[in-house]
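See structure below.
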Amino acid sequence: MQLDIERLISDFGGPAALCEAFNQAFPDDPLSRAAIYKWRERGSIPLAQVNRLSVVAQQQGRSFSIHHYLAAEGSPAVATPVVTASQPQVSNMSDRLYIFDTTLRDGEQSPGAAMTKDEKIRIARQLEKLGVDIIEAGFAAASPGDADAIRAIAEVIKDSTVCSLARANPNDVRAAGEAIRPAARGRIHTFIATSPIHMEKKLRMTPDQVVEAAVAAVKLAREYTDDVEFSAEDALRSDIDFLARIFSAVIEAGATTLNVPDTVGYAVPQRTEAFFRELIGKTKGGDKVIWSAHCHNDLGMAVANSLAAVLGGARQVECTINGLGERAGNASLEEVVMAVKTRQDIFGVHTGVDATQIVPSSKLVSTITGYPVQPNKAIVGANAFAHESGIHQDGVLKHRETYEIMSAESVGWSTNRLTLGKLSGRNAFRTKLEALGIVLDSEEALNTAFARFKELADKKREIFDEDLQALVSDEATQHEHDALKLVSMRVHTETGEVPQAEIVISQNGNEQRAASSGSGPVDAAFKAIENLMQSGSELLLYSVNAITSGTDSQGEVTVRLSRSGRVVNGQGADTDIVVASAKAYLDALARLAGQEQKVNPQV
Ligand code: KIV
Ligand code: ZN
């Protein structure tokens, strides 16, 4: 693309008039005529100045689109103005979109999605394989366990930057700095709220105090790393001039990435794009940093808003696998990545993500968190590429592109290959686990997992990657909660009879037996467990998911329990779904007993 700068400058009345209009609009950050001559010489305009041009044009009461001045090499620029804000980039604007994954931090804030250190490491390894640029591994000040998990991730991840969240206070920033110390590349992400309602009602701070805290936090963070991100929480409900002020100040203090979160999922795409443009234009030094979008999905527009932000100049998107996150979740990584890939014509950016790792990442996160993926979910839902209707099937068979805009293989559905069989040996098993990023910490753990694999292979002819992930999760769960284990169970169901369950549980090595009837075999099993455990917890959710296809598939069960305000998810997997359910229930009880208290960063 070539930029017709001459025409652009002359449309603003020539260098002198343009310079004057600029300096009226931005008296604090004046532009010299020499800078305009430089644009001419270089044939490009910095992104921040493009955004400022939009503001200048707006003040002059006319529409402005950079696209109007862009043309493919060798062909004349578009002659008639295209009145749309959603157009791509000037020639020197980077076309690299950084993917910042926050599954392990914002995703983990979903009810019951708290993960163990080992689970987090497994997900982090998969995210690295997926090619995300930054992994937000947690919030170090939340608990010693969180800090420990971030440190462990920082030790093993080499290709992605490892990041910790920190509120804008010295304790948090220090905890984050210590946690990321072992990282090959480490980032501190510090934040403070900037909307009037948050400053007044939550923080009880004046705007000046907020700016002061943000600047101090960024300066302190720079003592640990030169990669510092600053977020203005609830930015999309903040005053844009105040945002420009605080962002200008933190740039000066050393922030290198500026994040503009839509914390409550209030934004709409058109306004988001304009908001980013104007904000980048108004921020001093805005052309020297990476702008980032972080959108929540309360109105179902997180992905749309993130993409609009990209059109407005953002070059980092914060997102999670499967859109996991508090309430309605965060922008879904797979949708953002595939949207910019499939619609290069609109977005003109590329990511470093290996799209074939998307489906394996989705399945792993779902298995570990117990949050199933809805079948009609874009990209990673089981039906995302299934063509039921006869018309569609006919079209796809004749020519795939008639109804498919991307292939199932390109996002990793084919990586769901047959993995191992009954005759596979221990070495093949170990090699496959390593390829999946699963490292067992001892020969004993490998032997136990291998024995479980053989048991499963006896029941199920074909073993897929997802089976192995579930098997290792299940094994890790059993191992972690050695104190509480399912030893055996017997269930009786017969048409017209009340279902009965008898269960043997080992609690701290003591075997105990209990029985109960119930409205179904699962209900009977849960009641039998409760007869023994008397946990006083409330069952919030029970879900069963087939891990692979076929009736011999393992069922993966999630049980969500709550007690005294604490919510946990338990998981279990087995080819017998009643056994999987009992395991999941016991896992949830063990987590309820053992989970450490965490501080929520945003409260
Ligand atoms: O949603 C939000 O505002 C956040 C910040 C901490 C970045 O998650
Ligand atoms: Zn968030």
Side-chain angles (χ1 to χ4, degrees), residues 1-95 240-241 243-245 247-248 251-252 258 270-291 308-315 345-349:
M1 289 285 203
Q2 220 173 21
L3 184 64
D4 187 349
I5 294 191
E6 213 45 71
R7 189 158 59 85
L8 186 152
I9 295 172
S10 100
D11 282 359
F12 278 89
L18 178 56
C19 188
E20 201 186 313
F22 241 89
N23 296 344
Q24 259 172 24
F26 303 102
D28 293 344
D29 194 7
L31 180 79
S32 65
R33 256 191 242 180
I36 299 177
Y37 296 139
K38 268 225 177 86
W39 299 352
R40 257 187 188 159
E41 236 170 75
R42 283 198 309 249
S44 65
I45 304 179
L47 169 65
Q49 307 297 27
V50 173
N51 291 315
R52 285 180 180 177
L53 282 171
S54 311
V55 177
V56 171
Q58 227 172 15
Q59 286 183 354
Q60 294 177 343
R62 55 201 180 91
S63 66
F64 169 77
S65 164
I66 196 70
H67 178 68
H68 174 40
Y69 302 97
L70 284 171
E73 302 280 341
S75 65
V78 189
T80 44
V82 180
V83 186
T84 164
S86 313
Q87 295 302 337
Q89 297 68 45
V90 243
S91 46
N92 76 332
M93 184 175 150
S94 165
D95 64 356
I240 199 157
D241 291 320
L243 277 182
R245 176 182 159 207
F247 280 140
S248 304
I251 292 174
E252 175 131 25
L258 298 186
Q270 205 187 15
R271 302 276 294 263
T272 303
E273 178 183 345
F275 197 84
F276 268 78
R277 258 181 218 293
E278 188 178 341
L279 182 60
I280 296 173
K282 283 186 161 169
T283 300
K284 205 165 170 180
D287 54 340
K288 296 182 182 67
V289 293
I290 303 273
W291 289 85
V310 171
L311 293 172
R315 284 296 173 271
D345 56 331
I346 302 285
F347 299 104
V349 293

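- Between the CD atom of Glu20 and the CG atom of Leu31 there is a distance of 12.5 Å, given to the nearest 0.5 Å.
- In this structure, Leu258 CG and Lys288 NZ are separated by 12.0 Å, a value rounded to the nearest 0.5 Å.
- Counting heavy atoms of neighbouring residues, nucleotides and ligands inside a 6.0 Å radius, atom CD of Glu252 does not exceed 12 of them.
- The two residues Ile251 and Gly286 have their closest heavy-atom pair at CD1-N, 4.0 Å.
- Closest approach of Ala308 to Thr272, counting heavy atoms only: CB-CB, 4.2 Å.
- Contact detail for Phe26 and Gly281: the closest heavy-atom pair is CE2-O, 3.7 Å.
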Between Leu8 and Leu53, is a side chain to side chain contact (heavy atoms under 4.5 Å, CB included) present by the stated rule, with each step listed? CA-CA 10 Å; Leu8 186 152; Leu53 282 171; 3.9 Å; yes

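- Note that the NZ atom of Lys282 and the CZ atom of Arg52 stand 11.0 Å from one another [nearest 0.5 Å].
- For the residue pair Ala21 and Gln60, the shortest heavy atom distance occurs at CB-NE2, 3.6 Å.
- Distance check: Thr283 OG1 to Glu278 CD gives 10.0 Å after rounding to the nearest 0.5 Å.
- Taking all atoms of both residues into account, the shortest heavy-atom contact from Ala314 to Phe276 is CB-CE2, 3.8 Å.
- For the pair Trp291/Leu279, a side-chain contact is recorded, criterion being any heavy-atom separation below 4.5 Å from C-beta on.
- Across all non-hydrogen atoms, the minimal contact from Cys19 to Arg33 is SG-N, 3.8 Å.
- Put simply, the side chain of Arg315 gets close to the backbone of Val310: a donor and an acceptor are under 3.5 Å apart.
- Between the CH2 atom of Trp39 and the CD1 atom of Ile5 there is a distance of 8.0 Å, given to the nearest 0.5 Å.
- Using a 4.5 Å heavy-atom threshold, the side chains of Ile280 and Val50 count as separate.
- Side-chain atoms of Phe275 and Leu243, non-hydrogen and from C-beta on, do get closer than 4.5 Å to each other.
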